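Working notes for the structure below.
Worth saying up front: this structure is predicted, and the values here are computed from it rather than measured. Computed over heavy atoms, backbone and side chain alike; hydrogens, waters and symmetry mates excluded. Order of the sequence lines sets the chain letters (A, B, ...), proteins ahead of strands, with each chain counted from 1.
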Amino acid sequence: MFTLLVRLPDETVEVTAIARDDAGGLVATSTTRVSGAELAETIRIGEATATRWVWDDTAKWYPRLLEQGLRVERCVDLRLCHAILRLSAATRGTPIHGATRGPWDVPQGAIVDSTALFVVEPESLPDPLAEFLAQRSAIEASPGRAGLELLTAAESTGALIAVEMRRRGIPWSADRHDALLADRLGPRPAPGERPQLLQEALTEVRLALDAPDLNPDSPAELVRALRAAGLQVTSTRQWELSRLEHPAIEPLLRYKKMQRLLVANGWAWLDAWVVGGRFRPEYVPAGAATGRWGTSGGGALQLPRAVRGAVVADPGWTLVVADASQLEPRILTALAHDEAMARAGDGDLYEGIVASGAVATRAEAKVAMLGAMYGATQGDGGRLLPRLARAFPRAIALVEEAARVGEQGGVVSTFLGRSSPPPGSMVDELPPENGRAQADSGMRAWGRFTRNFVVQGTAAEWALCWLGILRRELGRRFGTGADDPHLVFFLHDEVVIHAPVESAEAVAALVEEAAAEAGRLLFGRAPVRFPVTVAVVTTYADAK
DNA sequence: CACTGATGCGCG
DNA sequence: AAAGCGCGCATCAGTG
């Protein structure tokens, strides 16, 4: 059932079969040692018998296997599962719960050992067999066992998908990208030169501010120039500038838009990140504390709409682009068993909220809902919250309670059992407060984090299940070869599948079925729908 | 010169 | 100068 793989310092791999003994406990039954070359055969045999591979870190193992054409169906990513189980409230009382940070608490792909700061050999993390057995004990003893079984399995499958997607890459047309840039910025300039349209906008700004040498990319200098022109600004942010009346403002905002595109996704980006017609970001499963994925390299989490026209299917292929509609409020509905909100979500959720009489317009419904999940206290979100609470008391009570727990220093958990980190443990937290007011503000901020954690984190679990089901079914129905439809992009509540044209309709149907199945997998027969918007397109820009 | 934090803005 | 969550990245400005 389980086979543990451990890479030794000499590059050989220790293969340990793990099975249940008569008492139902897990024990290592046999250990062999294979060379790198022999490993391929081990994997092939194991795949034929539905083995779940156990290894320290998918990001370290799986790229090399894929390189050899070895796709793996199931695994246990000990590093990712360790992070879940160490913090989970559902493992309280087990040795892994609350363990001090150790060698397993490292970033994806990290290479460490206990004796040195830097180690070159891709050695496995220390004592993976003990770690695995400790994890299994913690899961099997947990009152939240079912949730943790699903969560750790989905997390591990996600790690496989992350590596597979990077290997396939997002189909990216450098020619289209170049044309898009030329259209918006002017033709590609010589190195060190500004593109023509930026230069023109900048000239207008300098003229209007009477600042011929202005460096528009220096916020400090720009603020000085704007103030010298009589404008009361404290920053150079868009939203602050856009409310000013001055001839410099329009060209300045135009400049900033273009500069942003140039700097973030201009020709330099294209040269650096698109190779052989593919963009290959590195995905970082659970890069966020909520379980959402992060990415690294190329800013894949923030692909601007302006360049999505460069994502183009290969000839004879198509892109199936799908996103889960209003995922987070629907997740909240299921978490809170809010039947009124479930009824509102029968069709478009925000229209349903309007129909309930809680608010007047769809826009109000949206901002009120987001405000409730983020903890808005002011503005339209804060103002509309009481009306939402009257119409949907259960849903609002759930997020209010999550906020209260956080403000009091407590821990909240997602539906499947991922728990929020204890306050004070996150690196990026607010600086140590000195005054009472600052301390209170810090606790309120933490309350907003825990408030959102339960919703965002459970949405991430739903998405992970959706993704896992999609992968499994794509494999079953179409195969896993180079010419078969495959996932190429995933972003929180959205997926892109690159598919041969003839399979597009079947893939699109599958995406919807998988969403419904993910809902059932998490929430059983709860009356909450998880509709997806699916588009079959040639370019990503044409989706929604 | 290399590093760090702040700024600003793109995405869900 | 955001209000209201979660990210990544480029650039500037200040420091060692």
Side-chain angles (χ1 to χ4, degrees), chain A residues 215-224 232-244 252-253 255-266 268-269 272-273 281-308 323-329 331-332 366-385 399 402-403 406 412 414 420-421 426-431 441 444-460 463 489-495 540 544:
Chain A
N215 172 10
D217 305 324
S218 162
E221 203 180 321
L222 192 51
V223 166
R224 279 196 297 274
Q232 304 298 315
V233 295
T234 56
S235 80
T236 66
R237 292 190 164 99
Q238 262 175 37
W239 65 264
E240 190 178 349
L241 298 182
S242 61
R243 58 189 56 189
L244 300 173
L252 177 55
L253 291 175
Y255 174 87
K256 283 168 76 80
K257 263 274 181 286
M258 290 190 287
Q259 170 72 3
R260 170 74 192 183
L261 177 60
L262 173 69
V263 158
N265 296 94
W269 182 93
W273 295 108
E282 180 183 8
Y283 295 91
V284 185
T290 55
R292 271 193 178 182
W293 288 15
T295 63
S296 102
L301 237 47
Q302 45 196 43
L303 286 183
R305 295 193 176 281
V307 302
R308 293 189 182 183
D323 76 284
S325 310
Q326 303 132 5
L327 178 59
E328 292 194 354
I331 291 290
L332 174 56
K366 186 171 180 175
V367 75
M369 202 60 238
L370 290 174
M373 293 186 298
Y374 294 166
T377 56
Q378 296 179 21
D380 291 344
R383 183 172 57 77
L384 294 166
L385 187 61
V399 287
V412 298
T414 60
S420 61
M426 277 172 77
V427 277
D428 253 17
E429 251 171 88
L430 305 95
S441 137
R444 280 198 301 276
W446 194 256
R448 289 193 298 275
F449 170 64
T450 54
R451 168 194 292 266
N452 187 247
F453 183 97
V454 294
V455 179
Q456 186 185 117
T458 304
F489 189 53
F490 169 59
L491 183 61
H492 309 322
D493 62 355
E494 183 173 348
V495 299
Y540 192 15
K544 74 180 169 191

Contacts under 3.5 angstrom, residues 368-383 of chain A side chains, donor-acceptor by atom type, not counting sequence neighbours:
from, atom 1, to, atom 2, distance (Å)
A:D380, OD1, A:R383, NH2, 3.3

Original post:
Mapping A:L301 and A:S235 onto DNA chain C by nearest heavy atom, which one lands closer to the 5' end?
Top reply: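 Result of the comparison: A:S235.
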Using a heavy-atom cut-off of under 4.0 Å over every strand shown, decide if [X] touches base, sugar-phosphate, or nothing.
X: A:Q238; value: sugar-phosphate
X: A:W239; value: base
X: A:R383; value: nothing
X: A:G375; value: sugar-phosphate
X: A:V367; value: base
X: A:G298; value: sugar-phosphate
X: A:G382; value: nothing
X: A:A306; value: nothing
X: A:G299; value: sugar-phosphate
X: A:R451; value: nothing

**OP:** Identify which nucleotide among C:dC7, C:dG6, C:dA1 has an atom closest to any side-chain atom of A:H492, counting heavy atoms from C-beta outward.
**Re:** C:dG6
Between protein and nucleotides 12-16 of chain C, what N or O pairs are separated by less than 3.5 Å?
from, atom 1, to, atom 2, distance (Å)
C:dA13, OP1, A:S218, OG, 2.3

Subject >> A:L332: which of A:V455, A:V454, A:T458 passes side chain to side chain contact (heavy atoms under 4.5 Å, CB included) >> reply: A:V455
Atom-pair distance ([atom1] on [X]; [atom2] on [N]), nearest Å:
X: A:Y374; N: C:dG6; atom1: OH; atom2: P; result: 10 Å
X: A:E282; N: C:dG8; atom1: CD; atom2: C1'; result: 13 Å
X: A:Q378; N: C:dA3; atom1: CD; atom2: P; result: 8 Å
X: A:D493; N: C:dG6; atom1: CG; atom2: P; result: 17 Å
X: A:R444; N: C:dG4; atom1: CZ; atom2: P; result: 9 Å
X: A:R448; N: C:dG6; atom1: CZ; atom2: C1'; result: 13 Å
X: A:N265; N: C:dG8; atom1: CG; atom2: C1'; result: 11 Å
X: A:E240; N: C:dA3; atom1: CD; atom2: C1'; result: 14 Å

Looking at every non-hydrogen atom in both residues, tell me the closest pair between [X] and [Y] and how far apart they are.
X: A:T450; Y: A:A403; answer: OG1-CA, 3.9 Å
X: A:P421; Y: A:F453; answer: CD-CE1, 4.3 Å
X: A:F490; Y: A:A463; answer: CZ-CB, 3.9 Å
X: A:L222; Y: A:P216; answer: CD2-O, 3.8 Å

Which atom pairs, donor and acceptor, lie under 3.5 Å between side-chain atoms of residues 284-295 of chain A and protein residues at least two apart or in another chain?
from, atom 1, to, atom 2, distance (Å)
A:T290, OG1, A:R292, N, 3.4
A:T290, OG1, A:Q456, OE1, 2.6
A:R292, NH2, A:E328, OE2, 3.4

**OP:** With rounding to the nearest 0.5 Å, note down the distance linking CH2 in A:W239 to CG in A:L253.
**Re:** 13.0 Å
**OP:** Starting at OG of A:S420, measure out to CZ of A:R451 and round the result to the nearest 0.5 Å.
**Re:**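 Going from OG on A:S420 over to CZ on A:R451, the span is 14.0 Å.
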Can you tell if the side chain of [X] reaches within under 4.5 Å of the side chain of [Y], non-hydrogen atoms only?
X: A:Q238; Y: A:R260; answer: no
X: A:Y255; Y: A:D217; answer: yes
X: A:T234; Y: A:V223; answer: no
X: A:L303; Y: A:F489; answer: yes

Original post:
If you write DNA chain C from 5' to 3' in dot-bracket form, with Watson-Crick or G-U pairs under 3.5 Å, [ ] for crossing pairs and | for pairs with another strand, what do you get?
Top reply: ....||||||||||||
**OP:** For DNA chain B, find the residues of residues 255-264 of chain A with a heavy-atom distance under 4.0 Å and give them by number; none if there aren't any.
**Re:** A:K256, A:K257, A:R260
**OP:** Name the first nucleotide and the last nucleotide along DNA chain B (5' to 3') that come under 4.0 Å of a heavy atom in chain A.
**Re:**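 Both ends considered, the range comes out as B:dG8 to B:dG12.
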**OP:** On the 0 to 90° scale, with breaks at 30° and 60°, tag the A:W446-A:F449 ring pair as parallel, tilted or perpendicular.
**Re:** tilted
**OP:** Answer yes or no: does a side-chain N or O of A:R292 lie under 4.0 Å from OP1 or OP2 of C:dC7?
**Re:**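 No, because none of the side-chain N or O atoms of A:R292 sits under 4.0 Å from OP1 or OP2 of C:dC7.
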**OP:** Return yes if some donor-acceptor pair links the side-chain N/O of A:S296 with the main-chain N/O of A:E282 below 3.5 Å, else return no.
**Re:** no
Original post:
Is the side chain of A:K256 donor-acceptor paired with the backbone N or O of A:T236 at a distance under 3.5 Å, no angle test?
Top reply: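 It does hold such a pair.
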Subject >> Integer angstrom distance from the P of B:dG12 to that of C:dG4 >> reply: 22 Å
Subject >> Rounded C1' spacing from B:dA6 to C:dA1 in Å >> reply: 15 Å
